[in-house]
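A quick write-up on the structure given underneath.
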Amino acid sequence: MLILHGMIFLVLWMYRKKLDRQVLLLILCGNLLGTGLTAAGMLEKEQPVTELERRYGETTEVALEAETEEGEREAVTLRIPQADWTSEEARTMLQEKLEELDGMILGDNSSFEEVRRDLYLPEQFEDSPVTVRWSTSDSGLLDWQGRLGPEIPETGGKVILKGELMLQEESLVYTRTLRVYPGEKPEDLGELLAEETERVNENNRGTSYRLPSAANGEQITWFRKREEKGGYIAVLSLIAGALLVFFRKNEAWKREQKIQEEMKREYPEVMSRIQLLLGAGLGMRKIFEKITADYKRQLEKEKGAKRPAYEEIAGAYYEMAGGVSEQEAYENFGNRSRLPEFKNLSVLLVQNLKKGRRELGPLLEREVSAALEERRRQARAEGEKAGTRLLLPMGIMLLVVLILMVVPAFLSI
């Protein structure tokens, strides 16, 4: 195991410059912790074992190591037989279960003097190895499974219930005298039909299962239940349609978010080009024309993906070329962009038309500085998000390493 830790340390040393500091620190701490646990397990003094515990009612297997006088060790797995109760312990357990039976077997009946429903006769207790073998004095009134028989008179009948509780070689006898009456007819038709079906097939051992033709004095006709597939298909189609609408809206929302993020990233570049061309003496209409022409040539030459911000600038220029006034084109440009940054640019362009270009230069300079600062802030935020997303895989790696080191240590104890 220490060889494994050494190999991990060697790999960390070889790739220390390529790994992120947080990842390196996390793996290093986990490996140091595992090394400490392994070393502690190796330094712990082994205690010789002279006897093993036997469990009641359960055969167990124990993995051991046997060492000879020469120091040679051999792995041995021993099968430990179950422990037996003493006669006194067995009788005590039987007596405890004997006292529990009165409260268990009545079921829905109120007392042993008036039994109108089947009894609950357990053959074994859930919390004990004690078993019970049941019998009755008259199976026509009550059988050994606790079911009421078909021969019970209306005035009731007396029957003796006997249960033999057994554990190993010990046994106790449970005896109760009951008075049984004809079973109460279920109010629910389904329950009545189920009971009648069980009665009809009580002694049936064949491959066919008979259905009663009458119940409670009425003729019964049986049919196979039709499967309402049409309703299921209609419901499934409705759910599928709702899911399709949801996924399409979700995809549209994701596409819109992606476009807005791209426009945010392109905003500083757009502002810098506008400021540069404005400083070269071009008017705003000519600036839009120049940017549109350069963007169109770039698309034809590089055949790359469209850029949303430049698409909006081209749209504004085409509006002006088609006869729309500059002010209206700039306003439409801001409304289509739906981003605060481009709306601010739209307001600046409209103000430029009303007040002249003298004040536009300083305003654009401040806007470019703010855009670049915002771009640096977004880059830092994206870097922090990337580090946060790495925490889960790093945690999983640490957990795997700890399992590989700790589990063998526990298994060897």
Side-chain angles (χ1 to χ4, degrees), residues 47-66 74-150 152 157-181 183 191 194-195 197-199 201-205 407 410-413:
Q47 297 295 330
V49 180
T50 58
E51 61 181 22
L52 299 171
E53 180 184 2
R54 298 171 64 185
R55 298 181 182 180
Y56 288 105
E58 181 181 356
T59 300
T60 58
E61 290 187 355
V62 180
L64 301 172
E65 285 187 346
E74 180 71 21
V76 182
T77 300
L78 297 180
R79 187 178 180 85
I80 311 302
Q82 65 181 17
D84 293 330
W85 289 272
T86 63
S87 297
E88 184 178 352
E89 291 174 337
R91 284 194 298 270
T92 301
M93 191 175 298
L94 287 172
Q95 185 62 39
E96 290 176 356
K97 296 305 173 186
L98 184 71
E99 296 172 356
E100 293 180 10
L101 282 176
D102 281 350
M104 294 178 61
I105 67 175
L106 273 176
D108 296 332
N109 298 286
S110 58
S111 68
F112 292 113
E113 295 298 323
E114 186 178 356
V115 177
R116 295 182 179 274
R117 289 187 176 272
D118 293 344
L119 301 177
Y120 170 66
L121 303 182
E123 297 182 24
Q124 188 169 4
F125 296 89
E126 294 182 358
D127 58 346
S128 171
V130 176
T131 59
V132 189
R133 185 168 57 196
W134 297 96
S135 62
T136 64
S137 60
D138 190 343
S139 60
L141 301 180
L142 182 72
D143 64 12
W144 64 273
Q145 292 180 315
R147 295 180 300 186
L148 297 178
I152 303 175
K158 186 177 292 186
V159 61
I160 298 175
L161 175 66
K162 180 181 177 181
E164 185 180 5
L165 286 76
M166 296 171 290
L167 179 60
Q168 294 179 174
E169 302 298 327
E170 302 295 327
S171 65
L172 284 179
V173 177
Y174 172 87
T175 305
R176 286 290 179 270
T177 301
L178 314 176
R179 189 163 188 86
V180 296
Y181 291 87
E191 186 178 350
E195 290 187 2
T197 304
E198 289 183 5
R199 188 189 65 79
N201 293 276
E202 185 174 1
N203 299 318
N204 180 18
R205 298 294 182 268
V407 170
F410 277 105
L411 294 177
S412 62
I413 295 177

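Keep in mind the model is a prediction, meaning the values are calculated, not measured. Residue indices begin at 1 and follow the sequence shown.
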State, to 0.1 Å, how close [X] and [Y] come at their nearest heavy-atom pair, and which atoms those are.
X      : Y      : value
Gln145 : Leu121 : C-CD1, 3.8 Å
Pro122 : Ile105 : CD-CG2, 4.3 Å
Arg176 : Asp102 : NH2-OD2, 2.8 Å
Leu165 : Leu98  : CD2-N, 3.7 Å
Leu172 : Arg91  : CD1-O, 4.4 Å
Leu178 : Val115 : CB-CG2, 4.5 Å

For the pair Glu89 (side chain) and Thr86 (backbone), establish whether a donor and an acceptor sit closer than 3.5 Å, ignoring hydrogens and angles. yes
Output yes when a side-chain donor or acceptor of Trp144 lies under 3.5 Å from a complementary backbone atom of Lys162, and no otherwise.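 No; zero donor-acceptor contacts below 3.5 Å.
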Separation between [atom1] of [X] and [atom2] of [Y], rounded to the nearest 0.5 Å:
X      : Y      : atom1 : atom2 : answer
Gln168 : Thr131 : CD    : OG1   : 11.0 Å
Arg179 : Arg116 : CZ    : CZ    : 10.5 Å
Leu142 : Ile160 : CG    : CD1   : 12.0 Å

Would you say the side chain of [Y] lies within less than 4.5 Å of the side chain of [X], judging by non-hydrogen atoms?
X      : Y      : result
Tyr174 : Leu94  : no
Glu170 : Ser87  : yes
Leu161 : Trp134 : yes
Pro129 : Met93  : yes
Val130 : Glu96  : no

So, using salt bridge (charged side-chain N to carboxylate O under 4.0 Å, His left out) as the criterion, who are the partners of Glu113 when residues are at least two apart?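 For Glu113 there are no salt bridge (charged side-chain N to carboxylate O under 4.0 Å, His left out) partners, ignoring immediate neighbours.
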Apply side chain to side chain contact (heavy atoms under 4.5 Å, CB included) to the pair Phe125 and Leu101, showing each step before the final yes or no. CA-CA 10 Å; Phe125 296 89; Leu101 282 176; 3.7 Å; yes
Derivation and outcome, side chain to side chain contact (heavy atoms under 4.5 Å, CB included), residues Tyr181 and Leu148: CA-CA 8 Å; Tyr181 291 87; Leu148 297 178; over 6 Å; no
More than 12 heavy atoms of other groups within 6.0 Å of Gln124 CD: yes
Please evaluate residues Leu141 and Thr136 with respect to the criterion side chain to side chain contact (heavy atoms under 4.5 Å, CB included), reporting the C-alpha separation (whole Å), side-chain torsions for both, the decisive distance (0.1 Å), and the verdict. CA-CA 9 Å; Leu141 301 180; Thr136 64; over 6 Å; no
Assess whether a salt bridge exists between Glu100 and Lys97, defined as any Lys/Arg side-chain N lying under 4.0 Å from an Asp/Glu carboxylate O.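 Answer for the salt bridge query: yes.
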